[in-house]
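All remarks here apply to the structure that follows.
Each chain gets a letter, A, B and so on, in the order its sequence line appears, and its residues count up from 1. Computed from a predicted model, the values in this text were never measured in an experiment. Just the heavy atoms: all of them, side chains too, but no hydrogens, waters or symmetry mates, feed the values below.
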Amino acid sequence: MGGGGGVGLEVELSRGAVAAILRMAEGLRPVLQVADSPRLAARAAAQRYRILLSDSVHSHEGVLAVSMNHLISDGSLRRGAVVRVLDYICTIVQGRRVIVVIQLEILRTDCTLIGDPTIYEATPTQPFCVSYSGGLGNHESCFLPGSQEVFGNLSCFSDQGMLDSSFGPRAEHTVCNLQYGGSCGSVLPLNTVDAKVQQLSLDDHHQNQRWTIKARVTVKTDLRHYQNARGTGKVFSFDLLDAKGGEIRVTCFNLQVDRYFDLIEVDKVYLISRGIVKPAHKKYYPLNSDYEIYADDSTFIEVCSDDDCSIPKQQYAFQQISEIENMENGSLVDLLGVVTLVSPSATITRKDGTGTQKRTLHLKDMSGRSVEITLRGKFCDGEGQVLQRHYDSGSSSVLAVKGGRISDFSSRFVVTISSTQLKVNPDFPDAERLRQWYLTEGKTAACISLSQEMSSFTRNHVPKTIAQIKDESLGQSGKPDVITVRATISHVNANNFCYPACTLEFNGKQCNRKVTKSNEGAWHCDRCVLDVPKCEYRYLLMCQLQDHTGVTYATAFQEAGTKIIGYSAEELFNLREQDEAKWEEIMLQVCRQEYLFKLNITEENLYGETRAKCNIVGVEKLDALATNHHLLEEMETARALV
DNA sequence: CCCCCCCC
């Protein structure tokens with residue numbers, strides 16, 4: 001690949017980008033084998049995701065062809081430059097070649113020459129872990145008079161330097177396992193707390209532990225009373241952070257509550273010894289230890305007389321928002337971002353019928369992405385209200401989220417759970433840096449929301465052409481196929497774009513079955529066996545999709561229909577009654593658009609003949625993306641040149 | 001030994 005005069009660049013791609021490329025290459029089999037691009041395959045296998053990209057014009061072999069014309073022609077890149085991929089799109093051209101268009105952040109333009117490309121050896125990546133202390137961080141170890149042993153002095157990160165590398169080329173796909181593992185990438189051999197506790201739990205079943213933790217309390221729960229089969233009780237817990245980044249939770253019940261609840265204050269440093277050490281239930285444990293401590297009669301906690309300023313107040317392992325799509329659903333994440341939108345608090349009803357509060361924010365960071373954050377419960381009226389006030393007054397807040405939970409609905413978002421911590425306008429350097437970035441450039445910079453962007457939309461996607469739906473008998477293997485196609489809408493069944501739907505509740509959801517006019521001007525639902533005075537018009541939009549390989553029919557229901565048309569079905573229904581010309585215009589506009597569709601293909605029996613039935617379960621307008629980051633324009637140029 | 005993460 002990239003022979004002769006092609007401009008070779010070493011580029012680190014995010015895991016998502018490489019996965020997408022490999023999937024596209026898969027789709028090309030047997031025309032092209034993945035092995036045709038040994039470098040790509042090798043890197044991916046080594047989990048390094050570092051590949052060589054070449055200018056498409058000069059590339060005649062291999063899977064990849066990359067358009068970097070603009071960068072090269074304007075002289076901003078030279079051979080050997082170091083760049084980071086901010087965004088990318090992939091497409092298949094002429095049914096056999098994958099084009100990847102990437103949006104690069106140029107980190108260095110004047111690196112030493114790469115020379116002939118060589119395959120990289122996998123080396124550990126550095127995690128993006130940063131801790132912030134209120135004071136100056138000196139790293140003196142502290143031995144305590146009277147305690148047999150002090151532990152909890154091992155760092156998750158080697159001292160300084162991390163801050164600078166935090167937005168460097170490697171940060172984009174670093175994962176810091178602070179939340180789940182005792183170790184942090186491969187930088188940290190062992191966490192002290194873990195190491196010691198592990199030893200203790202192995203050879204000391206009698207709680208005559210000889211350990212003392214010197215640590216700062218980062219968070220403390222309210223006192224809670226409970227009642228269960230064993231009777232009643234009270235409980236509270238607090239989290240500890242030591243000078244080297246070790247974290248562990250201490251839980252106190254009943255008598256221990258009486259002894260320690262008032263003593264424990266957030267931000268204070270304590271010496272803690274003796275107690276029951278148990279493996280933590282990692283699923284709900286946001287700290288980096290594998291263990292937690294239960295205070296018992298032998299536990300001893302005292303305030304440390306000297307506030308050890310080498311222990312930070314809180315420790316974060318910030319991830320870039322752009323990385324969220326690559327992280328596991330349900331995992332916990334720390335984020336630092338500017339709040340760009342605050343929506344009012346709303347009451348939602350849980351499945352069991354009880355009510356609760358939610359409030360959504362948009363958070364944007366220097367990766368150029370934004371993500372929706374859902375605040376729940378106490379956060380709605382607490383930090384949520386503060387953020388709302390700032391937002392209403394036009395000031396931009398920086399928000400640090402510790403331990404937010406990654407969730408998936410129609411796209412990735414982050415939700416607070418009870419152990420999540422929020423800090424509005426935190427006073428550490430990165431927060432100030434972020435604010436400055438936002439005020440000078442970030443505010444106006446093109447921003448791709450995780451809920452809009454293609455890479456999120458196409459997460460785990462299988463890109464196909466329309467011809468492949470028939471050729472490969474998609475949907476007919478007994479289970480549905482989910483694919484993405486890039487196509488225009490060549491025709492819509494405009495006259496029957498919607499149907500009257502039942503608004504009653506059925507199985508905890510809106511019924512949505514088609515209703516028919518009953519005698520008294522009411523609507524009747526056959527499923528609910530009831531008459532209702534009002535119906536709701538919902539989309540059932542038959543679309544003819546077309547790409548360069550053929551046409552197919554696909555149905556868009558409410559969500560996809562709204563996205564395609566830009567009006568709700570109700571609005572469009574009313575519009576047709578009031579202004580038919582306008583309605584017609586809207587319907588016609590749809591047909592010039594190019595979209596990326598996510599199709600769910602199942603089998604359908606029609607007149608004794610089985611055929612594919614396509615439902616549009618996701619849709620992205622492609623010109624919106626183009627105005628965002630010009631990638632598609634690049635794509636067109638590249639297509640034309642191939 | 002307690003919560004165990006919610007809504008579209």
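- Whole-Å rounding puts the A/Lys282 NZ to B/dC5 C1' distance at 17 Å.
- In this structure, the CD1 atom of A/Ile373 is 20 Å from the P atom of B/dC5, given to the nearest Å.
- A/Asn615 places no side-chain N or O within donor-acceptor distance of the main-chain N or O of A/Val617, the cut-off being under 3.5 Å.
- In this pair, A/Phe597 and A/Tyr595 present their aromatic rings tilted. The plane angle is within the 30 to 60° band.
- No close placement of the A/Tyr260 and A/Phe238 rings is indicated, their centers lying 6.0 Å or farther apart.
- Remark: the A/Thr349 side chain and the B/dC7 base include no donor-acceptor N/O pair separated by less than 3.5 Å.
- No aromatic stack links A/Tyr284 and the base of B/dC3, using centre distance under 5.5 Å and interplanar angle under 30°.
- For A/Lys358 against B/dC7, a side-chain N or O and a base N or O form a donor-acceptor pair under 3.5 Å.
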Report the C-alpha distance between A/Asp365 and A/Gln320 in whole Å, list the side-chain angles of each, state the deciding distance to 0.1 Å, and finish with yes or no for side-chain contact (heavy atoms from CB on, under 4.5 Å).
CA-CA 7 Å; A/Asp365 72 8; A/Gln320 307 234 34; 4.1 Å; yes

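- Computed from coordinates, the A/Arg412 CZ to B/dC8 P distance equals 20 Å when rounded to whole Å.
- Nearest to the side-chain atoms of A/Val235 among the listed nucleotides B/dC2, B/dC5, B/dC8 stands B/dC2.
- Looking at A/Arg376, its side chain has no donor and acceptor atom pair within 3.5 Å of the base of B/dC5.
- Computed from coordinates, the A/Leu375 CG to B/dC7 C1' distance equals 14 Å when rounded to whole Å.
- In terms of position along DNA chain B, the nucleotide closest to A/Ala295 lies nearer the 5' end than the nucleotide closest to the other residue of the pair A/His281 and A/Ala295.
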Start with the C-alpha gap between A/Glu571 and A/Asn574, add the side-chain angles, then the distance that decides, and say whether side-chain hydrogen bond (donor to acceptor under 3.5 Å, both in side chains) holds.
CA-CA 5 Å; A/Glu571 285 170 331; A/Asn574 294 329; over 6 Å; no

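- Of the possible polar contacts, one joining the A/Tyr270 side chain to the A/Glu265 backbone as a donor-acceptor pair under 3.5 Å is found.
- Listed by residue number, the members of residues 224-233 of chain A with any heavy atom below 4.0 angstrom from DNA chain B are A/Arg224, A/Tyr226, A/Asn228, A/Arg230.
- At a threshold of 4.0 angstrom between heavy atoms, the contacts of A/Thr251 include nucleobase atoms, whether or not backbone atoms are also involved.
- Close to B/dC1, at under 4.0 Å from its OP1 or OP2, lies no side-chain N or O of A/Lys234.
- Residue A/Tyr294 places its side chain closer to B/dC2 than to any other of B/dC2, B/dC8, B/dC5.
- The interatomic distance linking A/Ile406 (CD1) with B/dC5 (P) rounds to 18 Å, in whole Å.
- Atom pair A/Lys563:NZ and B/dC8:C1' shows a separation of 15 Å (rounding to whole Å applied).
- Exactly one of A/Gln388, A/Lys358, A/Gln357, A/Gln385 qualifies for a side chain to side chain donor-acceptor pair (under 3.5 Å) with A/Ser345. That residue is A/Gln357.
- Protein atom NZ of A/Lys351 is 11 Å distant from nucleotide atom P of B/dC5, rounded to whole Å.
- Figure legend: cation-pi geometry between A/Arg527 and A/Phe506, with NZ or CZ positioned under 6.0 Å from the six-membered ring centre and within 45° of its axis.
- Here B/dC8 presents its P atom at 11 Å from CZ of A/Phe413, a figure rounded to the nearest Å.
- Nearest to the side-chain atoms of A/Glu292 among the listed nucleotides B/dC2, B/dC7, B/dC8 stands B/dC2.
- For A/Thr374, whose side chain is taken as the heavy atoms from C-beta onward, the closest listed nucleotide among B/dC5, B/dC7, B/dC1 is B/dC7.
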